[in-house]
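All figures in this text were calculated on a predicted structure; none of them were measured in a lab. Worth knowing before you read on, the calculation uses all heavy atoms, side chains too, and leaves out hydrogens, waters and symmetry mates.
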Amino acid sequence: MKYTKLSVCVFLTGLLLALTTSCYTASGKAKDLEKVAAFPPATESKLASGASGETAVFAGGCFWGVESVFEHLEGVTDVTSGYSGGKADTAFYDLVSLGDTGHAEAVKVEFDPSRISYGTLLEIFFNIAHDPTQLDYQGPDHGTQYRSAIFYSGESQKKTAESYIKKLNESRIFKDPIVTALSPLEMYYPAEKYHQDFMRLNPDYPYIVRFDRPKIEALEREYPNLLKTEPRAKAEKQTWEGLPVVTSVADFVFPVQYTESQWERRLSTLGLAVLRHAGTERPFTGHQLEEHRAGTFYSSATGQPLFRSETKFESGTGWPSFSKPLDQSAVVLVIDSSLGMERVEVLDSSSGSHLGHVFNDGPDVRGFAAGTGLRYCINSVSLIFSPDGAEEPAIVREYRASLK
């Protein structure tokens with residue numbers, strides 16, 4: 001989950017739907033509904049009367065979505081994201097992400113076997129949570145830390161898993177062989193706090209919307225009888241001034257991605273420094289500072305619409321200032337602790353390019369009709385302006401075409 005990797009975590013709805021339906025499915029089985037409906041039921045689904053709590057550990061790619069899938073199931077009492085397969089001294093995200101610790105991103109599922117069986121958990125794991133035919137990767141995430149694996153506790157879980165994998169292979173529900181590894185559970189290490197309940201806390205993160213929300217939709221569609229009926233406890237979302245913020249965009253999968261050399265060809269020297277390396281142009285030098293015509297401001301990196309002129313105001317700071325974006329999903333807000341202070345960085349949600357920062361010292365409606373109390377302080381070089389009635393710039397037309 002490194003920023004340079006850009007492999008997550010607020011997209012425009014149209015683009016999300018286009019990408020979700022055309023580029024990725026939650027599982028590798030055939031897409032036709034007949035085969036999906038015929039997915040083999042759990043080998044062992046009998047509930048254990050009077051049984052005490054039991055634990056299962058599964059690895060199936062990024063643990064955010066896998067955790068959320070199991071959290072939705074009736075009979076599951078707790079789910080934790082973490083690491084398994086390696087040693088205690090390497091059970092940290094930055095090390096696991098290197099791919100050479102032996103760890104896999106895994107989830108520990110605590111469940112009541114009198115309410116849901118281990119076999120049913122296996123069925124959900126193979127049918128919904130991940131693609132068991134992908135070796136050492138899931139979707140955009142590559143490396144042994146994203147491998148498909150079951151860490152079994154005891155001989156009973158091992159035999160049930162072996163039997164079910166055999167049943168799946170014999171059914172030929174997948175066009176490719178299952179590569180899920182079975183290993184005895186030796187140790188499980190909880191992941192860092194910011195990884196826990198990630199999807200519940202951050203339902204609009206680009207990575208979540210792109211890769212994990214379809215899994216929940218499939219679960220609700222295919223297994224409505226297994227869903228929890230009681231309201232799930234709502235986790236408090238991380239917010240700033242009532243807006244969703246993140247501490248890292250390490251795993252965001254932004255829809256527009258270029259290599260560093262491609263960005264160099266697309267952007268000016270200043271544009272590259274600001275948009276791709278979070279630089280700041282000198283105050284009172286930006287060409288958009290005095291732009292007061294009616295129109296729309298777009299990301300100069302991608303052509304994504306960002307701000308309307310009606311929300312632009314004179315802040316006296318030397319940078320174009322806006323009270324709000326065109327739509328909150330057009331930007332991603334990131335806690336920025338650089339320079340010895342805590343600020344909120346503003347990125348475009350199409351490419352993760354740096355726009356500027358947002359502050360809570362803007363005018364409210366008493367001083368500015370479109371005032372929100374916020375000041376989106378944006379670099380001019382991060383923006384392209386198009387006045388109302390004029391032909392849209394080519395980069396904007398290209399962006400709109402990509403949404404179709």
Side-chain angles (χ1 to χ4, degrees), residues 240-241 243 245 256 263-264 266-336 338-339 341-400:
W240 175 85
E241 297 295 332
L243 301 175
V245 295
V256 179
W263 281 119
E264 290 175 356
R266 292 177 63 88
L267 302 173
S268 65
T269 300
L270 178 60
L272 185 69
V274 173
L275 286 155
R276 302 309 303 171
H277 300 291
T280 303
E281 63 192 14
R282 290 185 294 113
F284 299 102
T285 63
H287 61 292
Q288 305 290 7
L289 186 60
E290 300 301 326
E291 181 56 76
H292 300 297
R293 291 174 291 174
T296 302
F297 293 85
Y298 302 87
S299 167
S300 60
T302 66
Q304 176 189 17
L306 297 173
F307 301 95
R308 278 293 298 176
S309 55
E310 292 85 355
T311 65
K312 190 171 185 283
F313 63 92
E314 179 55 56
S315 65
T317 61
W319 291 280
S321 298
F322 303 86
S323 60
K324 61 181 178 180
L326 229 169
D327 187 283
Q328 200 60 45
S329 66
V331 297
V332 176
L333 305 184
V334 187
I335 299 298
D336 176 7
S338 63
L339 304 180
M341 66 182 80
E342 186 172 283
R343 299 178 295 170
V344 180
E345 183 183 11
V346 183
L347 310 179
D348 74 31
S349 64
S350 56
S351 67
S353 294
H354 176 78
L355 303 176
H357 289 82
V358 59
F359 303 91
N360 59 0
D361 58 4
D364 58 24
V365 292
R366 292 170 294 182
F368 177 48
T372 61
L374 302 180
R375 172 172 60 92
Y376 285 81
C377 185
I378 308 299
N379 291 281
S380 284
V381 74
S382 298
L383 301 172
I384 292 176
F385 176 75
S386 180
D388 290 346
E391 182 180 3
E392 290 182 334
I395 189 173
V396 176
R397 295 196 301 272
E398 292 173 3
Y399 180 79
R400 292 194 188 284

Closest non-hydrogen atom pair between [X] and [Y], with its separation:
X: Pro305; Y: Ala330; result: O-CB, 3.7 Å
X: Ser329; Y: Asp327; result: OG-OD1, 2.6 Å
X: Ser351; Y: Arg276; result: O-NH1, 3.2 Å
X: Ser300; Y: Ile395; result: O-CD1, 3.6 Å
X: Ser309; Y: Ala294; result: OG-CA, 3.2 Å
X: Tyr298; Y: Ser386; result: CE1-CB, 3.7 Å

key: Member of Leu347, Val334, Ile378, Asp348 meeting the side chain to side chain contact (heavy atoms under 4.5 Å, CB included) criterion with His354   =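 Single side chain to side chain contact (heavy atoms under 4.5 Å, CB included) partner of His354 among Leu347, Val334, Ile378, Asp348: Leu347.
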task = Could you check whether the rings of Phe313 and Phe368 sit parallel, tilted or perpendicular, using 30° and 60° as the cut-offs?
result =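 Rings of Phe313 and Phe368: tilted, 30 to 60°.
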request  = Indicate the ring-plane relationship of His357 and Phe359, choosing parallel, tilted or perpendicular according to the 30° and 60° boundaries.
outcome  =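 Geometry flag for Phe359 against His357: tilted rings.
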Inter-residue atom distance [X].[atom1] - [Y].[atom2], 0.5 Å rounding:
X: Thr302; Y: Arg266; atom1: OG1; atom2: CZ; result: 8.5 Å
X: Leu275; Y: Leu383; atom1: CG; atom2: CG; result: 8.5 Å
X: Leu272; Y: Glu264; atom1: CG; atom2: CD; result: 5.5 Å
X: Gln288; Y: Ser382; atom1: CD; atom2: OG; result: 10.0 Å
X: Leu270; Y: Glu281; atom1: CG; atom2: CD; result: 6.0 Å
X: Leu326; Y: Leu306; atom1: CG; atom2: CG; result: 8.0 Å

key: Under-4.0 Å salt bridge between Arg293 and Glu291   =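 A salt bridge links Arg293 with Glu291.
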query = Who are the salt bridge (charged side-chain N to carboxylate O under 4.0 Å, His left out) partners of Glu392, not counting sequence neighbours?
reply =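 Listed in chain order: Arg400.
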Can you tell if the side chain of [X] reaches within under 4.5 Å of the side chain of [Y], non-hydrogen atoms only?
X: Glu391; Y: Arg397; result: yes
X: Leu243; Y: Val358; result: no
X: Gln304; Y: Val331; result: no
X: Asn360; Y: Trp240; result: yes

request  = Return yes if a side-chain donor-acceptor contact under 3.5 Å exists between Ser323 and Arg375, otherwise no.
outcome  =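 No, no side-chain donor-acceptor pair sits under 3.5 Å.
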Check: [X] side chain, [Y] main-chain N or O, donor-acceptor pair, under 3.5 Å:
X: Asn379; Y: Val381; answer: no
X: Thr311; Y: Ala370; answer: no
X: Lys312; Y: Leu289; answer: yes
X: Thr285; Y: Arg282; answer: yes

Residues Glu342, Ile335; criterion side-chain contact (heavy atoms from CB on, under 4.5 Å); working and verdict = CA-CA 7 Å; Glu342 186 172 283; Ile335 299 298; 3.7 Å; yes
task = Before giving the answer on side-chain contact (heavy atoms from CB on, under 4.5 Å), spell out for Val346 and Leu333 the whole-Å C-alpha distance, their side-chain angles and the decisive distance to 0.1 Å.
result = CA-CA 5 Å; Val346 183; Leu333 305 184; 3.9 Å; yes
task = Using ring pair (Phe, Tyr, Trp, His ring centres under 6.0 Å) as the criterion, point out the one residue from Phe297, Phe322, Phe385 that pairs with Phe307.
result =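 Exactly one pass, corresponding to Phe322.
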Chi angles and distances behind the side-chain contact (heavy atoms from CB on, under 4.5 Å) call for Ser299, Tyr399 = CA-CA 10 Å; Ser299 167; Tyr399 180 79; over 6 Å; no
message = Could you go through Val344 and Glu241, starting from their C-alpha distance and side-chain angles, then the distance that decides it, and tell me whether this counts as side-chain contact (heavy atoms from CB on, under 4.5 Å)?
response = CA-CA 11 Å; Val344 180; Glu241 297 295 332; over 6 Å; no
